[in-house]
Number of protein chains: 2
Amino acid sequence: MVRWEPGAKERLQLAALDLFLHRGFEQTTVQDIAQEAGLTERTFFRHFADKREVLFQGQQQYAAEFVRGVRDAPAGAAPFELIRAALLSGSVLFDDERRPWSRQRQAVIDANPALQERESLKRVSLTDVLTEALVARGVDDVDARLTAEIGVSAFFVAFRGWIRADEQRSLDDLQQEALARMAAILPTRAPA
Amino acid sequence: MVRWEPGAKERLQLAALDLFLHRGFEQTTVQDIAQEAGLTERTFFRHFADKREVLFQGQQQYAAEFVRGVRDAPAGAAPFELIRAALLSGSVLFDDERRPWSRQRQAVIDANPALQERESLKRVSLTDVLTEALVARGVDDVDARLTAEIGVSAFFVAFRGWIRADEQRSLDDLQQEALARMAAILPTRAPA
DNA sequence: GTCTATAGTGCGATAGAC
DNA sequence: GTCTATCGCACTATAGAC
């Protein structure tokens, strides 16, 4: 007889999403989740720093793809090209199979302020790592931050559209549209 | 003898900032803060939803100024003009007198992830109300969201610069610079 | 204003993998 | 033997219920 089944973390994540969906985040205790996964509270907290974090693991995987897009872009690419590459690279994680799961997860987050708080912090972290990646590609500090802000905004606006019930377009299509619209909103520079 | 001194909320805020600065956020209990202000824990939670919130009251005042800028902008103003008006309107709250206080407060926030989380949520809320204000001015939903994102990004990047030790320029100068740089980063549209 | 549930921590013990 | 995952228990502070 084994002392523990493999995949404890995954079991906890699945149990948590399921319970949050049906009972609500606040109405679900960590003990409930652990019990559902055949583990104890203490073990839950070994895998996740806090109760909310169980929904946000995997985000750093997205950040990594994002950064990889920047790192692998052709030499001499302008900041705007770098951010397009980042967005395209990240979008591969959001295929049509994932759409229903993303919808469920987002519904749970939208129903709870504490989870929105964590999500918004993840957004900031994503902007930070992207900024760093741009600086590593030689972009000026402030421009890097602004470029990252533009890119992350495009991602989040596109993502919201992507999980809409009637939306069929790919995430990257929506991202490109968001970037184009932002360019249209900002004033054109006077020709040199 | 009075039953309670006036300004309970303000006393709690001042006591909290002071204790957070000297002891750290986590090392300060709500009881510490209440005691310092001559009140009870229960009273603290009557004024603030949670321990972190004591640092974030006054943000909604900023949001109101922001929105007012949008509402009072001249008729027929393009989204970009509306956002410029919002930023200018909000910046009046950040005069040179406030700079040292903003620095202190930000130092406390930067030292604690839980506070960064709350700050990032406030940022999202600000974007939401700004989006709403733009929609009320007739801007298309998606453009409103994107415009709000641009504006809030400009504010936060500018604010970071504004509290730098050696920075002398006004917040709005820095905001304008941020907007100009974003425009320069995004590609120019092909002429119609 | 009191009471209590729950989140989250610290430390130690144990069981298996290697 | 070492290393790591799990569990047990006692504990504090937050936050909400009554």
Side-chain angles (χ1 to χ4, degrees), chain A residues 1-58 108-109 111-122, chain B residues 1-5 8-9 11-13 15-57 108-109 111-122 125:
Chain A
M1 169 177 175
V2 291
R3 179 153 147 85
W4 61 78
E5 299 290 326
K9 186 176 225 165
E10 289 70 24
R11 290 207 313 280
L12 286 167
Q13 287 172 318
L14 288 175
L17 180 60
D18 188 62
L19 288 166
F20 292 166
L21 265 173
H22 295 104
R23 253 186 240 183
F25 175 77
E26 308 237 316
Q27 285 66 45
T28 304
T29 70
V30 171
Q31 193 176 13
D32 292 335
I33 301 167
Q35 204 166 332
E36 187 74 18
L39 297 164
T40 68
E41 268 186 73
R42 201 66 192 80
T43 303
F44 178 94
F45 285 112
R46 270 184 51 78
H47 288 280
F48 307 102
D50 58 54
K51 184 179 162 186
R52 286 168 287 164
E53 194 62 19
V54 70
L55 275 182
F56 291 91
Q57 299 268 145
V108 171
I109 293 171
N112 193 281
L115 293 172
Q116 291 158 35
E117 213 164 358
R118 176 57 49 85
E119 185 184 38
S120 65
L121 182 65
K122 294 288 179 180
Chain B
M1 169 174 176
V2 292
R3 186 158 141 83
W4 40 262
E5 297 292 327
K9 186 176 224 166
R11 291 209 311 282
L12 286 167
Q13 287 173 318
L17 180 60
D18 188 63
L19 288 166
F20 292 166
L21 264 173
H22 295 104
R23 253 187 239 183
F25 175 76
E26 307 238 315
Q27 285 66 46
T28 304
T29 69
V30 171
Q31 193 175 12
D32 292 336
I33 302 167
Q35 203 167 332
E36 187 74 16
L39 299 164
T40 68
E41 265 185 70
R42 192 65 187 77
T43 306
F44 179 94
F45 285 111
R46 264 174 26 83
H47 287 281
F48 307 102
D50 58 53
K51 183 179 160 186
R52 285 169 287 165
E53 194 60 20
V54 70
L55 275 182
F56 291 91
Q57 299 268 147
V108 171
I109 294 172
N112 193 282
L115 293 172
Q116 291 158 36
E117 213 163 359
R118 176 58 49 86
E119 184 184 39
S120 65
L121 182 65
K122 295 288 179 179
S125 306

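Because only heavy atoms are used, hydrogens play no part in the values below, and waters and symmetry mates are left out as well, while side chains stay in. Every chain is numbered from 1, with letters handed out A, B, ... down the list of sequences.
- OP1 or OP2 of D/dC7 lies within a sub-4.0 Å distance of a side-chain N or O belonging to A/T40.
- Looking at A/E53 and A/K122, a side-chain N of the basic residue comes within less than 4.0 Å of a carboxylate O on the acidic one, giving a salt bridge.
- Atom-to-atom, CZ of A/R118 to C1' of C/dG8 comes out at 13 Å; the value is rounded to the nearest Å.
- Put simply, CD on A/E53 is 11 Å from P on C/dG8, counting in whole angstrom units.
- Considering only residues two or more places apart in sequence or on other chains, B/R23 meets the salt bridge (Lys or Arg N to Asp or Glu O under 4.0 Å) condition with B/D32.
- Proximity of A/H47 to the phosphate of D/dA5: no side-chain N or O atom is located under 4.0 Å from OP1 or OP2.
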Which pairs, protein N/O on one side and nucleotides 13-15 of chain D N/O on the other, fall under 3.5 Å?
{"residue": "D/dT14", "atom": "OP1", "partner": "B/V30", "partner atom": "N", "Å": "3.1"}
{"residue": "D/dA15", "atom": "OP2", "partner": "B/K51", "partner atom": "N", "Å": "3.0"}

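- The nearest whole Å value for the distance from the CZ atom in B/R46 to the P atom in D/dA17 is 16 Å.
- Put simply, the side chain of B/L121 does not reach to within 4.5 Å of the side chain of B/F56, judged on heavy atoms.
- Side-chain contact between B/T43 and B/H47: present, with at least one pair of heavy atoms (C-beta onward) separated by less than 4.5 Å.
- Looking at A/R42, its side chain comes within 3.5 Å of the base of C/dG10 through a donor and an acceptor atom.
- One interatomic measurement links the two molecules: CZ of A/R11 to C1' of D/dT6, which rounds to 11 Å at whole-angstrom precision.
- Taking the side-chain contact (heavy atoms from CB on, under 4.5 Å) definition, one finds that B/Q31 meets it with B/T29, B/Q35, B/E41, sequence neighbours left out.
- Atom-to-atom, CD of B/E117 to C1' of C/dG8 comes out at 14 Å; the value is rounded to the nearest Å.
- Residues B/D50 and B/R118 meet the side-chain proximity criterion, which asks for heavy atoms closer than 4.5 Å.
- For the pair A/E10 CD and D/dA5 C1', the interatomic distance rounds to 14 Å; values are reported in whole Å.
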